[in-house]
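Notes for the one structure printed next.
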Amino acid sequence: MRSHYCGQLNTSLLDQKVELCGWVHRRRDHGGVIFIDLRDRAGLAQIVFDPDRPEPFSIADTVRNEYVVRITGQVRHRPEGTVNRDLATGEVEVLGHSIEILNRAKTPPFQLDDENVADDTRLRYRYIDLRRPQMQDNIRLRARVAKILRNFLDDHGFLEIETPMLTKATPEGARDYLVPSRTHPGAFFALPQSPQLFKQLLMMSGMDRYYQIVRCFRDEDLRADRQPEFTQLDIETSFMDEKQITAIMEEMFIKLFKDAINVNLPSPVPRMTYADAVHRFGTDHPDLCNPLELTEVSDLMKQVEFKVFSGPANMTNGRVAAMRVPKGGELTRKQIDDYTAYVANFGAKGLAYIKVNDAGKGREGLQSPILKFLPDEVIAELLKRSRAETGDLIFFGADKAKIVNDSLGALRNQIASDLTLLTSQWQPVWITDFPMFEYNEEERRWDSLHHPFTAPRVTDPAEVEADPGKCLSRAYDLVLNGTELGGGSVRIHTPEMQRTVLRLLGMGAEEAEEKFGFLINALDYGCPPHGGIAFGLDRMIMLMSGAPSIRDVIAFPKTQTANCPLTSAPAPASLKQLRELGIRLAKPGKTE
RNA sequence: GGAGUGGUAGUUCAGUUGGUUAGAAUGCUGCCCUGUCACGGCAGAGGUCGCGGGUUCGAGUCCCGUCCACUCCGCCA
């Protein structure tokens, strides 16, 4: 049916007869001559129809945008002065000998070159949206990324192994998607949030190295970078420690970025401890393209008369931090007010600031409502630590450490974006030395920071129990430009440690047995030391393509309320289906 | 669960202090046009102003409720 792709035409094919199939991208009718831009997966080609061939000319006269046609014709050089440098195939054109309409098309609901179409319209007609070259590029990039990753892992001895989609609900973590069992009325499968336990079991099975590009499901609210079903590159290995695992993953990423988008990531990828990241950037996934940094001033503010500062400075879990914005003195009052409202989203009660009008003049060179509360020596030290210069502005956060970190961390991103402070480089960083646990004030117990199967640094369960808050884990996250690409850890591989950790998380022996008995049993039958990592493939491709939303790199994504405008899923189930499953709805009437 | 922004022609948007016939661009249809490539010219069609209620002599505009989309908080081990 087709001899070439439209986008492949070039001067090497001059005078050749070609057959092309594709969509009418645009038709330009000059009365005496008709141009058709024909589009397929590979690109555009211009077809010319002359009136001295009346039959194809009259057919070309009737086609409209998005008609699917097959044309035959002869490749020729475009006449002098009509070469289109903007088009890959712009040196040549095809003189149309015949044109066959394979299918007509209604007028599309939006123009393919309109880059400003509402998301729900795009999703309702996703099959048209996906015809756009930008979307085709994203999908192609996705396929290329998957291929490079598979090749790399295969070359390094990893086996691609599938794990169940119908599995058991996990007690912690995200909300599960449930699937009712017909053969066990009243019982439910859960769709996997990740294949975590299965991949560990595969290590216990002696598979040694596993990977899988696998769909995962979490029934939580959506974001620009979060879908309820998403794809992970899931990896696990035996007999490797965190150094070896991160080293091989780093090698994989450097190759991926080079081969897929010709970007040279730094080698080695820098490393930063969790504590450092939180102190300097207020987050465990800092964007290192962003030059702004937090300055610790808690110790300076313990004695000051300003209670807003001295209060948190003296609290055990409080923090006072400063963030210097270079040239921030130019910010208007309204901008500062907007930032104050912005940090309120994160629980901050206010946003104090000092304008540095003249850094050399000490107190006299500064301007701020809070100046009168601060002694000279505090001011001097503050200017020194933050390296303030004339024309800068210094913001302050003072509250519980979490609120200070969240608000200044978010403000840091916002300001960098507003003032275009971001360097356009690629900045990966490994975050290491995570705490094992964080204390859950509401439920008054410890929560895993990573997950309950992450190994602690220490090997003696008694040491973990002695002071869980001080305990560091063997987890690591890979962060790229402020986005958490993935994370993993060396796992617990002894039943004693696993029982201890589950107990610390508030799980009784019986409950642990019921929920994770199969895992703990398996640990008893010869479990190798093992560890692994999982990467969010969608986010990875979103970053690599520069797409603003994860939806732009998923062929058929969901909206923010997790429905699909194309298929209208989810939809009510029929009474018959429900009856077979032994399910009665609490609110009747919502069936078909 | 919460905050914000938006919903008006197929699409993207404008619509003043509530006031006569709701506009623009683009797309679409027809006619004209032999070198365009966002072709051009002329003419034309196209609207439950998201939905429901209320205030008013009168509502796209004000109020209440509701639905949808997006961004964010919570949530996402």
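All of these numbers come straight from a predicted model, not from anything done at the bench. Lettering follows sequence order; numbering is per chain, from 1.
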Determine whether A:Glu66 and A:Leu112 satisfy the following criterion, side chain to side chain contact (heavy atoms under 4.5 Å, CB included), listing intermediate values before the conclusion.
CA-CA 10 Å; A:Glu66 299 307 308; A:Leu112 269 73; 3.7 Å; yes
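Comparing B:U48 with B:A9, their P atoms sit 8 Å apart, to the nearest whole Å. To the nearest whole angstrom, the two C1' atoms, one in B:G18 and one in B:U36, are 50 Å apart. Rounded to the nearest Å, the gap between the P atom of B:G47 and that of B:C42 is 25 Å. The C1' atoms of B:G15 and B:U61 are separated by 9 Å, rounded to the nearest whole Å.
For A:Arg28, no side-chain nitrogen or oxygen approaches OP1 or OP2 of B:U36 to under 4.0 Å. OP1 or OP2 of B:A69 sits under 4.0 Å from a side-chain N or O of A:Thr561. One finds no side-chain N or O of A:Asn345 lying less than 4.0 angstrom from the OP1 or OP2 phosphate oxygen of B:G2.
When distances are taken from the side chain of A:Asn116 to each of B:G10, B:C37, B:C13, the shortest belongs to B:C13. Comparing B:U11, B:C75, B:C70 against the side chain of A:Gln560 picks out B:C70 as the nearest. In the set B:U71, B:U11, B:C68, B:U11 carries the atom at the smallest distance from any side-chain atom of A:Phe110. Side chain of A:Asp120, nearest nucleotide from B:U36, B:U12, B:C68: B:C68. The side chain of A:Glu93 has B:G35 as its nearest neighbour among B:G35, B:U12, B:C73. The side chain of A:Asp221 lies closest to B:C75, out of B:U34, B:C70, B:C75. You'll find that the side chain of A:Ala224 is closest to B:U71, out of B:U71, B:U11, B:G27. Of the listed nucleotides (B:C70, B:U34, B:G35), B:C70 has the atom at the smallest distance from the side chain of A:Asp119. Minimum atom distance to the side chain of A:Arg64 is reached by B:G30, of the listed B:U71, B:G30, B:G10.
Take the nearest nucleotide of RNA chain B for A:Ser194 and for A:Gly32: the residue whose nucleotide is more 5' is A:Gly32.
Residue side chain A:Arg26 does not reach the base of B:C37 through any donor-acceptor N/O pair under 3.5 Å, judged by distance alone. A donor N or O paired with an acceptor N or O is found under 3.5 Å between the base of B:U36 and the side-chain atoms of A:Arg78. A donor-acceptor contact under 3.5 Å is not formed by the side chain of A:Gln111 with the base of B:U12. The base of B:C37 is paired with the side chain of A:Asn84 by a donor and an acceptor separated by under 3.5 Å. Checked by distance alone, A:Arg223 brings a side-chain donor or acceptor within 3.5 Å of a matching partner on the base of B:G74. Side-chain to base pairing of A:Arg226 with B:C75: one donor and one acceptor N or O lie within less than 3.5 Å of each other. Residue-to-nucleotide contacts include no donor-acceptor pair under 3.5 Å from the side chain of A:Asn65 to the base of B:C28.
Contacts of A:Asp225 with the nucleic acid, taken as non-hydrogen atoms under 4.0 Å apart, are absent. Residue-level contact check: A:Thr82 touches the bases, meaning some heavy atom is under 4.0 Å from a base atom. At a threshold of 4.0 angstrom between heavy atoms, the contacts of A:Ile34 with the nucleic acid are absent. Contacts of A:Phe346 with the nucleic acid, taken as non-hydrogen atoms under 4.0 Å apart, involve only primed sugar atoms and P, OP1 or OP2. Among the atoms of the strands shown, only primed sugar atoms or phosphate atoms (P, OP1, OP2) are found under 4.0 Å from some heavy atom of A:Pro109. Counting non-hydrogen atoms under 4.0 angstrom, A:Arg551 reaches the backbone sugars and phosphates but no base. A:Arg76 comes within contact range of at least one nucleobase, with a heavy-atom separation under 4.0 Å.
To the nearest 0.5 Å, the span separating CG on A:Leu523 from CE on A:Met204 amounts to 4.5 Å.
When ring centroids are compared, A:Trp446 and A:Tyr439 come within the 6.0 Å threshold. Aromatic pair A:Phe57/A:Phe49: ring centres not closer than 6.0 Å.
Contact detail for A:Leu38 and A:Gly22: the closest heavy-atom pair is CD1-C, 3.7 Å.
Side-chain contact between A:Arg218 and A:Ser194 is present, with heavy atoms from C-beta onward closer than 4.5 Å. Looking at heavy atoms from C-beta onward, A:Thr283 lies out of side-chain contact with A:Asn405 at the 4.5 angstrom threshold. At least one side-chain heavy atom of A:Gln232 sits under 4.5 Å from a side-chain heavy atom of A:Pro195.
Nucleotide B:U5: paired with B:A69 (Watson-Crick or G-U wobble, both distances less than 3.5 Å). Nucleotide B:A22 has no partner under the Watson-Crick or G-U criteria, as no pair reaches both atom distances under 3.5 Å. Nucleotide B:U48 is matched to nothing when pairs are restricted to Watson-Crick or G-U wobble geometry with both distances under 3.5 angstrom.
Stacking between A:Phe35 and B:U36 is present: the aromatic ring centre lies within less than 5.5 angstrom of the base six-membered ring centre, and the two planes differ by under 30 degrees. Taking a centre distance below 5.5 Å and an interplanar angle below 30 degrees as the stacking criterion, A:His30 stacks against the six-membered base ring of B:C39.
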